[in-house]
Amino acid sequence: MPSLRGSPPACSPTPAAVRLADAVHREHGSRRPGRPSLGAALGLWALVAGCSSAADLAASQGGGTDTDTLGGLASGGSLTASESDSDGGEPTTGASGPGGTTEAGETEPATTSETGEQPAPPSDEPAPLDEKDPQNVPEEALCGPDPTTWRLAAREPDAMSSPAHAREAMLGQWPSLTSVVIRPWEFLNYYTFAYPLAPPEQLLAGAQLRASKDDLGDIFELQVAIRGPELKKADRPPVHLTLALDNSGSMEGKALELLKTASHVLAAELRAGDTAAVVSWNMADAPLLPVTMVTGPNDSKLLAAIDEFDVGGSAELTQALSAGYAQADKAYVPKDINRLVLISDGGATATQDDLEEMAKRAGDVPNKTGVHAIGVGVGDPGLFRSGLIDAIGVAGAGPSIYVGSAAAAETQLGKRFLSLVGLTASSVDVRITLPPGLELVSESQADNETIAQDHVTAAPTDNSVVHRRLRPCADDLDMSGALQVELHWVDAVTGEPKKTTAEWKLTELLSGETTWLQKGEAVLAYAAALRAIQYYAGDTVAIETAWERLEAAKKALPDDPELVEMGQVLAALQEP
């Protein structure tokens, strides 16, 4: 039997709030639940705000509320996959979590099942639940003679640091997952799915369906894509970019090198008429570059400011935001793309007030878009701490990514520039109506708390994927029944509410294309394998399942480089 790399992370499952605070504690050098610290502040904030919209936070200061919902997601993307349950079941396995917790919150040892298989690893964070539409009542009528409609749960739009961090950690000189926080819902955000583009100023829904079986009988794998419209570089609005560069001492070395690489890649994507500004995370420092209209890609003044940047001094997120927003406000144009990019190794400090300020500033109103914040993590994979970067992305309603190499910078910041900075739709709400005789498989335990949903957005030239499982709940399932996807959203610029509906017969979907569905299954199985190996290094069941899904996807997509990359990571996990 091959040996598996990766050792169990230091965290242990505790009650929901402490468990999430603990996950961030781990990244800031503290593992004691209940100790007041940055880890607790970020962890508890993420529990409240990580699954609520930027508008929800702004609402606490007098604005309206936003109850956006959506599940699963993909590529560079604006919509996200929810984790299956707070006990650790993954979307592709449906397994329950190991062990229990003592009254003191310590983890009891996990045990193997009677079949000899390891239970699924514990989850560090609670997951939002899919919500049955109020029109479908009563609860016991879910498999009755009428269709049922579900609003799909969402979490952390645009969060993509976890898969990139795992890849860099396993393909580097010293392969190990010890420092990586595997967040399975980010993997469908990160990998790409080439569904058809939407018409201009619209969103487009697509669906693929595959019949399968599990231990309980027949089941259907469903993947729904939400696709944005094409946006060519020449047609995009002007971009006003403010780079806020972490100058703390921990940035010395590889982190500083990658910070400059990432900044150079962003500079190469600008064009004449865009503006740029560069500040450090120390407000006492003068701007390295005040707001400047660039002459085109690789503007000489911008590159000089990046190259002259160096570490040293105290760096706090509070000061970074003050310095960054001061420049962003000077550059702000209501209908253009206004972005604050914070680049850090994740070692700086933050407060809940900082994150609430980002959420307030990211609020979009008709004909006046907000200043969305983008978190870019850099540095050696063994030293990078993702908690701060993820929190920035959630609060700022923008992407959170990890750049561990020059190639990764080019891919995530260069090739994906339009989907990184662009915004087509906000308040995206996805509803799926199932025909009579089909039910949505709940991956969550009945005692899970239902929590608020994320602020779900969609970017141009981008698509997002919702992956769910359906089960027949009637002996006479009518295969001519229709599955309907209804999208509601708000135009990011005009504030106009919009809606589109797509419908397919089950027979049509089952005889149709399944290429991207198979890739989605491979991605989810790959994420589940990484997480399982972190906790149970001797168990090969999850990694064998991942290989099976990966090989099936490769037959449909033989030239897909992302599938090749996932195979390289799986192979590295099995090296002695």
Side-chain angles (χ1 to χ4, degrees), residues 24 27-29 37-39 41-42 45 240-264 266-267 275-292 301-332 338-362 371-380 383-393 395-396 398 400-403:
V24 186
E27 300 187 9
H28 291 269
S37 68
L38 167 63
L42 283 178
W45 177 86
H240 307 287
L241 212 60
T242 300
L243 304 182
L245 311 181
D246 185 353
N247 60 297
S248 59
S250 65
M251 292 289 295
E252 191 70 62
K254 185 174 182 179
L256 177 59
E257 175 188 339
L258 289 172
L259 175 150
K260 293 187 177 184
T261 298
S263 299
H264 272 257
L266 290 171
T275 68
V278 184
V279 301
S280 76
W281 281 34
N282 187 347
M283 194 179 181
D285 297 338
L288 285 82
L289 180 71
V291 175
T292 300
K301 291 182 179 179
L302 175 56
L303 295 183
I306 294 168
D307 292 338
E308 291 168 7
F309 173 79
D310 202 357
V311 300
S314 174
E316 303 288 339
L317 183 59
T318 300
Q319 297 188 49
L321 296 177
S322 296
Y325 285 130
Q327 298 301 312
D329 288 343
K330 293 178 181 178
Y332 182 81
N338 303 277
R339 298 291 179 262
L340 174 62
V341 182
L342 298 114
I343 307 180
S344 171
D345 64 349
T349 57
T351 68
Q352 182 172 334
D353 289 342
D354 296 334
L355 301 172
E356 289 180 345
E357 175 66 16
M358 282 191 288
K360 180 176 68 174
R361 298 296 296 266
V371 178
H372 291 224
I374 300 171
V376 179
V378 293
D380 185 280
L383 301 175
F384 170 64
R385 290 170 278 184
S386 62
L388 180 69
I389 298 301
D390 291 333
I392 287 171
S400 57
I401 65 175
Y402 167 68
V403 171

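Quick note: residue numbers are just sequence positions, from 1. The model shown is predicted, which means the values in this text are computed figures rather than measured ones.
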Check your understanding: If we only count heavy atoms from C-beta on, is the Asn247 to Asp285 side-chain gap below 4.5 Å?
Key -> yes
Exercise for review: Evaluate the criterion side-chain contact (heavy atoms from CB on, under 4.5 Å) for residue pair Met251 and Ser248; output intermediate values, then yes/no.
Suggested key: CA-CA 6 Å; Met251 292 289 295; Ser248 59; 3.8 Å; yes
Revision key, fill the gap. CG (Leu321) and CE (Met358) are apart, to the nearest 0.5 Å, by 5.5 Å
Check your understanding: Would you say the side chain of Leu302 lies within less than 4.5 Å of the side chain of Thr292, judging by non-hydrogen atoms?
Key -> no
Exercise for review: Identify the two heavy atoms, one from Val378 and one from Phe384, that lie closest to each other, and give their separation to 0.1 Å.
Suggested key: O-CD1, 3.8 Å
Check your understanding: Which heavy-atom pair separates Leu288 from Ala305 by the least distance, and what is that distance?
Key -> CD2-O, 3.3 Å
Point to revise | Derivation of the side-chain contact (heavy atoms from CB on, under 4.5 Å) call for Val341 and Leu266 | key: CA-CA 10 Å; Val341 182; Leu266 290 171; 4.2 Å; yes
Review point. Do the non-hydrogen side-chain atoms of Leu388 and Leu317 ever get within less than 4.5 Å of each other?
Key: yes
Review point. Of the options Asp345, Leu259, Asp380, Leu383, which is the one that meets Lys254 in a side chain to side chain contact (heavy atoms under 4.5 Å, CB included)?
Key: Asp380
Review point. For the residue pair Ile389 and Ser344, what are the closest heavy atoms and their distance?
Key: CD1-O, 4.0 Å
**Study point:** Gln319 side-chain N/O to Asn282 backbone N/O, donor-acceptor pair under 3.5 Å
**Key:** no
Practice item. Taking side-chain contact (heavy atoms from CB on, under 4.5 Å) as the test, write out the residues that go with Ala244, two or more places apart. Key: Val279, Trp281, Leu340, Leu342
Study note, to complete from the structure: Closest non-hydrogen contact found for Ala255 with Ser250 is CB-O, 4.5 Å
Check your understanding: Hey, mind stepping through Phe309 and Leu256 against side-chain contact (heavy atoms from CB on, under 4.5 Å) and telling me if it holds?
Key -> CA-CA 9 Å; Phe309 173 79; Leu256 177 59; 3.7 Å; yes
Review point. Short question: side chain of Tyr402, backbone of Gly379 - any donor-acceptor pair under 3.5 Å?
Key: yes
Review point. CG/Leu258 to NE2/His264 distance, rounded to the nearest 0.5 angstrom?
Key: 12.5 Å
Review point. Within the side chain of His372, is there an N or O that forms a donor-acceptor pair under 3.5 Å with the backbone of Arg339?
Key: no
Review point. For Arg361, what residues pass the salt bridge (charged side-chain N to carboxylate O under 4.0 Å, His left out) criterion, not counting sequence neighbours?
Key: Asp329, Glu357
Check your understanding: If you round to the nearest 0.5 Å, how far is CD1 of Ile306 from NZ of Lys260?
Key -> 9.5 Å
Exercise for review: Search all heavy atoms of Ala362 against all heavy atoms of Gly396 and return the closest pair with its distance.
Suggested key: CB-O, 3.4 Å
**Study point:** Exam field: side chain Asp307 to backbone Ala304, donor-acceptor pair closer than 3.5 Å
**Key:** no
Check your understanding: How far apart are the closest heavy atoms of Gly347 and Arg385, and which atoms are they?
Key -> CA-NH2, 3.3 Å
Check your understanding: If we only count heavy atoms from C-beta on, is the Ser400 to Ile392 side-chain gap below 4.5 Å?
Key -> no
